[in-house]
Amino acid sequence: MCISAVSANAQSDYYISMPDVTGHSGDTVTVPVNLNNSGGVLSMQVDVILPDGVDIITVERGERIADADYFEYGVEDHYNSDNERYRRIIVSNLQNYMASAITGNEGPIYYITFQLPEEDGIYPIQLKNIQYFNPPTYVIEYIADASANITVQSNTYVTMPEVVEALSGKNVTIPVSLNNDGDIHSLQVDVFLPDGVDLVTVEGTERIAAADFFNVAQDDQYTEGDSLRYRRIHLGQIYNYTTSAISGNEGVIYNITF
């Protein structure tokens with residue numbers, strides 16, 4: 001699940017931003033919250049709006065607010081007037097009132113660790129109701145909302161190179177890679193073929209040498225309804241069920257020649 005946020009008011013002397021981040025489904029991801037603060041605030045409050053399926057695990061202060069006397073974040077969900085679910089973060093009572101610990105250029109003031117959902121997708125995180133006190137006036141002022149996205153992807157996924165150059169009428173071999181943090185023992189893939197492209201052969205790599213079953217369909221098949229042409233590849237019955245032969249980080253499991 002990436003968080004890349006550009007403040008809605010990037011020209012202001014005060015603005016908050018977050019980076020886009022990517023995390024795996026069911027895991028956690030830590031996102032830095034940055035503050036550009038050319039003045040020197042005394043206290044600040046931020047509401048973190050949470051989409052369905054995303055929760056806050058913890059919030060940890062950054063070095064920039066190490067001198068803050070009071071740092072607190074909500075451990076229970078609340079809802080605003082728009083029925084948006086949020087947690088509130090408060091930083092206040094900086095020890096050095098004349099030289100605020102969070103003055104200066106943009107940089108992390110704290111880090112939010114989110115629990116990611118099991119479902120893949122893009123989940124927007126918003127920071128709203130951002131208020132601060134700026135000495136010596138001690139008047140509540142507001143910073144424009146900030147937003148960003150967490151992209152959540154499965155721990156187990158298959159990839160191929162996006163672009164492969166080949167000569168017309170010649171064969172080309174494309175590696176198929178698998179990232180498998182879940183230690184799967186069997187895998188089925190349908191390789192869809194555009195008009196004019198045929199599957200010549202599929203050869204397994206050392207990563208699947210322990211597989212008891214590896215089969216590639218010899219004849220074209222067609223999906224129901226839209227009649228898309230494909231070949232099916234089966235891989236299964238890994239010998240070691242405790243430590244899968246295709247576990248671990250992304251790497252080539254077989255090469256397909258077209």
Side-chain angles (χ1 to χ4, degrees), residues 1-39 41-62 64-65 68-94 100-102 106-134 138-155:
M1 132 268 29
C2 290
I3 273 181
S4 168
V6 176
S7 169
N9 188 10
Q11 302 303 314
S12 172
D13 290 338
Y14 299 90
Y15 61 88
I16 281 181
S17 65
M18 299 178 291
D20 284 340
V21 298
T22 298
H24 289 148
S25 56
D27 288 350
T28 61
V29 64
T30 299
V31 179
V33 175
N34 303 309
L35 171 70
N36 188 306
N37 173 25
S38 62
V41 305
L42 173 64
S43 302
M44 89 177 288
Q45 167 188 298
V46 173
D47 290 347
V48 185
I49 310 297
L50 299 170
D52 291 341
V54 176
D55 293 299
I56 290 179
I57 300 298
T58 188
V59 182
E60 296 183 357
R61 69 173 76 194
R64 290 182 72 190
I65 61 170
D69 192 36
Y70 184 73
F71 177 67
E72 176 187 80
Y73 69 93
V75 296
E76 296 181 355
D77 292 341
H78 295 276
Y79 294 85
N80 60 23
S81 58
D82 295 324
N83 203 34
E84 295 172 318
R85 183 169 60 101
Y86 72 91
R87 301 279 186 92
R88 178 165 292 172
I89 303 172
I90 299 174
V91 179
S92 62
N93 301 333
L94 295 176
S100 169
I102 51 177
E106 182 174 326
I109 51 175
Y110 43 74
Y111 300 86
I112 306 176
T113 298
F114 296 94
Q115 175 68 55
L116 303 183
E118 296 291 342
E119 294 77 16
D120 294 359
I122 298 177
Y123 296 82
I125 303 297
Q126 294 179 294
L127 304 182
K128 290 187 175 182
N129 191 27
I130 306 172
Q131 306 177 26
Y132 68 94
F133 294 88
N134 187 16
Y138 302 103
V139 174
I140 295 178
E141 300 184 50
Y142 291 88
I143 299 177
D145 297 346
S147 63
N149 293 313
I150 297 178
T151 300
V152 179
Q153 64 183 22
S154 172
N155 284 317

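Closest non-hydrogen pair, Tyr123 versus Asp52, comes out as CE2-O, 3.6 Å. Of all heavy-atom pairs spanning Gly62 and Tyr111, the tightest one is CA-CE1, 4.0 Å. The two residues Val152 and Ser25 have their closest heavy-atom pair at CG1-CA, 3.5 Å. Between Ser92 and Ser43, the closest heavy-atom pair is CB-OG, 3.0 Å. Minimum interatomic distance between Arg87 and Asp77 (heavy atoms only, all atoms of both residues): NE-OD1, 2.7 Å. When every heavy atom of Gln126 is checked against every heavy atom of Ser147, the shortest pair comes out as CG-CB, 3.9 Å.
Arg88 places no side-chain N or O within donor-acceptor distance of the main-chain N or O of Tyr73, the cut-off being under 3.5 Å. Distance alone, capped at 3.5 Å, is enough to place a donor-acceptor pair between the Gln115 side chain and the Asp27 backbone. In this structure a side-chain-to-backbone donor-acceptor pair under 3.5 Å is missing from Asp82 to Glu84. Side chain of Arg64 to main chain of Leu35: a donor-acceptor pair is present (N/O by atom type, distance under 3.5 Å, no hydrogens or angles). Formation of a donor-acceptor pair under 3.5 Å by the Arg61 side chain with backbone atoms of Ala68 is found in this model.
Tyr132 and Glu141 share a donor-acceptor pair across their side chains, judged by distance under 3.5 Å alone. Thr113 and Thr30 share a donor-acceptor pair across their side chains, judged by distance under 3.5 Å alone.
Ile109 pairs in a side-chain contact (heavy atoms from CB on, under 4.5 Å) with only one of the listed residues (Ile65, Asn34, Ile89), which is Ile65.
You'll find the side chain of Val59 reaches within 4.5 Å of the side chain of Phe71, heavy atoms only. Side chains of Asn80 and Tyr86 form a contact here, defined as non-hydrogen atoms less than 4.5 Å apart. Looking at heavy atoms from C-beta onward, Ile125 lies in side-chain contact with Val54 at the 4.5 angstrom threshold. In this structure, the side chains of Val48 and Ile56 come closer than 4.5 Å at one or more pairs of heavy atoms. Counting heavy atoms from C-beta on, the side chains of Ile130 and Gln45 never come closer than 4.5 Å. Looking only at side-chain heavy atoms (C-beta outward), Phe114 and Val31 come within less than 4.5 Å of each other. Using a 4.5 Å heavy-atom cutoff, the side chains of Val91 and Tyr110 are in contact.
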**OP:** Please lay out, stage by stage, how Gln153 and His24 fare under the test side chain to side chain contact (heavy atoms under 4.5 Å, CB included).
**Re:** CA-CA 5 Å; Gln153 64 183 22; His24 289 148; 3.7 Å; yes
**OP:** Please lay out, stage by stage, how Arg85 and Asp55 fare under the test salt bridge (charged side-chain N to carboxylate O under 4.0 Å, His left out).
**Re:** CA-CA 10 Å; Arg85 183 169 60 101; Asp55 293 299; 2.8 Å; yes
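Rounding to the nearest 0.5 Å gives a distance of 11.5 Å between CG of Leu50 and NE2 of His78. Separating the CD1 atom in Ile16 from the CD1 atom in Ile143 is a distance of 5.0 Å, to the nearest 0.5 Å.
For Asp145 and Lys128, the salt-bridge test fails: no basic side-chain N is under 4.0 Å from an acidic carboxylate O.
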